[in-house]
Amino acid sequence: MPELPEVEITRRGIAPHVLGHAVEDVIVRDRHLRWPVPGTLRRALRGQRVRGIERRAKYLIFRMDAGSMILHLGMSGSLRVVDGPAPPGKHDHVDIVFDSGVRLRFRDPRRFGSIHWTRADPLRHKLLKGLGPEPLSETFDGNHLHARSRGRRLAVKSFLMDSRTLVGVGNIYANEALFGAGLHPRRPAGRISLARYEQLAKEIKQVLARAVQSGGTTLRDFVSGVGEPGYFSQELRVYDRAGLPCVVCGRPIRSVRLGQRSTFYCPRCQK
DNA sequence: CAACGGACCTGCCTGC
DNA sequence: TGCAGGCAGGTCCGTT
């Protein structure tokens, strides 16, 4: 489900409801996520106040008094604010209950998400330390993409979706950004000029920023922390549009498989 | 190193 | 109606 915009929308949605509140209880109904939910989570979180909620890549970092909870939504995860002990659904694996009575409910049908606890610097956590730059930060630009891609032959789309290159760009926004930049998804990453990478970096920033403004992309089930769907699906130009006319030239959008992911592009506009 | 395929899961849709 | 197969917003890990 979630790429950077959806995780960011989730962060913004839940923050006002939990910031400054103390955890009263943690209910783990199923600890079998991508990695086991730590058995120490309940003890670690109880009595702790939420001092801040940050996003790094597609991870949410809850800064607590004595450490940080790191949470990833995986492919199908969502985090919702629930008022009181509403009956949990089949895939509501974890509830974090606050002293206000509000709870954060983690739902994840496919269980590719994960929850971690660390007392150390969360940004140095094993899963976060090797991550590339944030696409919406100033440290990310065309130069970065150009420099990192020299000598590499993998497809530019796979290059973009590698979190060591940059973070936050998943299958939807990789497709969209490449369309915007007029780049064929299979172009070898090392054979793209600096000028084109500058254009691509600009597209990535633009598409992500606009998706955040629209509340994210809801394809089937994404909703923000407070239950709102995202409207960016209406603005997708190639993703999930196989056979439909290109919004620029009218040619049918093609769909191929690249690195085990569905890939959409316009055969005329993208070279 | 770089690149690739498999793995982890459930649900939903299609086609026979 | 049932069932098999393929696909879905992610990303780590083992093998070449």
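In what follows, chains carry the letters A, B, and so on, assigned in the order in which the sequence lines appear, proteins first and then strands, with residues in each chain numbered from 1.
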Spacing between [X] atom [atom1] and [N] atom [atom2], to the nearest angstrom:
X      : N      : atom1 : atom2 : value
A:R257 : B:dG6  : CZ    : P     : 12 Å
A:R153 : B:dC4  : CZ    : P     : 11 Å
A:H116 : C:dT11 : NE2   : P     : 11 Å
A:N175 : C:dG9  : CG    : P     : 9 Å
A:L127 : C:dT11 : CG    : P     : 10 Å
A:F159 : B:dC4  : CZ    : C1'   : 17 Å
A:L33  : C:dG10 : CG    : P     : 17 Å
A:R56  : C:dT11 : CZ    : P     : 12 Å

For the C1' atoms, the ones on B:dC12 and on C:dT11, what distance do you get once it is rounded to whole angstrom?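 To the nearest whole Å, 23 Å.
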Quote, to the nearest angstrom, the P distance that separates C:dG9 from B:dA3.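 These two P atoms come out 23 Å apart once rounded.
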I'd like to know if the side chain of A:E176 reaches the main chain of A:L236, judged simply by a donor and an acceptor atom lying under 3.5 Å from each other, with no hydrogens or angles considered.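 No; judged by distance alone, with no hydrogens or angles, the pair does not exist.
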Between A:N143 and A:A147, is there a donor-acceptor pair closer than 3.5 Å when you use the side chain of the first and the backbone of the second?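 The answer is no, because no donor-acceptor pair under 3.5 Å joins these two groups.
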Any carboxylate oxygen within less than 4.0 angstrom of a Lys/Arg side-chain nitrogen, looking at [X] and [Y]?
X     : Y     : value
A:E54 : A:R11 : no
A:D95 : A:R29 : yes
A:E8  : A:R12 : yes

Enumerate the protein-to-nucleotides 8-11 of chain B contacts in which both atoms are nitrogen or oxygen and the separation is below 3.5 Å.
| from | atom 1 | to | atom 2 | distance (Å) |
| --- | --- | --- | --- | --- |
| B:dC9 | O3' | A:R111 | NH2 | 2.7 |
| B:dC9 | O2 | A:R110 | NE | 3.0 |
| B:dC9 | N3 | A:R110 | NH2 | 3.4 |
| B:dT10 | OP1 | A:R111 | NH2 | 2.7 |
| B:dT10 | O4' | A:P109 | O | 3.3 |
| B:dT10 | O3' | A:H91 | NE2 | 3.3 |
| B:dG11 | OP1 | A:K90 | NZ | 3.0 |
| B:dG11 | OP1 | A:H91 | NE2 | 2.7 |

Distance-only donor-acceptor test, A:Q260 side-chain atoms vs B:dG6 base atoms, 3.5 Å: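 When only heavy-atom distances are counted, A:Q260 does reach the base of B:dG6 through a donor-acceptor pair under 3.5 Å.
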Got a second to check how far [X]'s [atom1] is from [Y]'s [atom2], nearest 0.5 Å?
X      : Y      : atom1 : atom2 : value
A:H17  : A:F98  : NE2   : CZ    : 11.5 Å
A:H184 : A:C266 : NE2   : SG    : 10.0 Å
A:I9   : A:R55  : CD1   : CZ    : 10.5 Å

Residue pair A:H116 / A:T118, side-chain donor-acceptor N/O under 3.5 Å: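 No, because no side-chain N or O of A:H116 sits under 3.5 Å from a partner of the opposite role on A:T118.
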Can you check whether [X] has a side-chain N or O nearer than 4.0 Å to OP1 or OP2 of [N]?
X      : N      : value
A:Y239 : C:dG9  : yes
A:K126 : C:dC13 : yes
A:R261 : C:dG9  : yes
A:R152 : B:dC1  : no

Students often get this wrong, so: under 4.0 angstrom with heavy atoms, is A:L219 touching a base, only sugar-phosphate, or nothing?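 Contact class for A:L219: base.
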Secondary-structure notation, DNA chain B, from Watson-Crick and G-U pairs under 3.5 angstrom (| other strand): .|||||||.|||||||
Worked check of side chain to side chain contact (heavy atoms under 4.5 Å, CB included) between A:L183 and A:Y265: CA-CA 9 Å; A:L183 282 167; A:Y265 67 98; over 6 Å; no
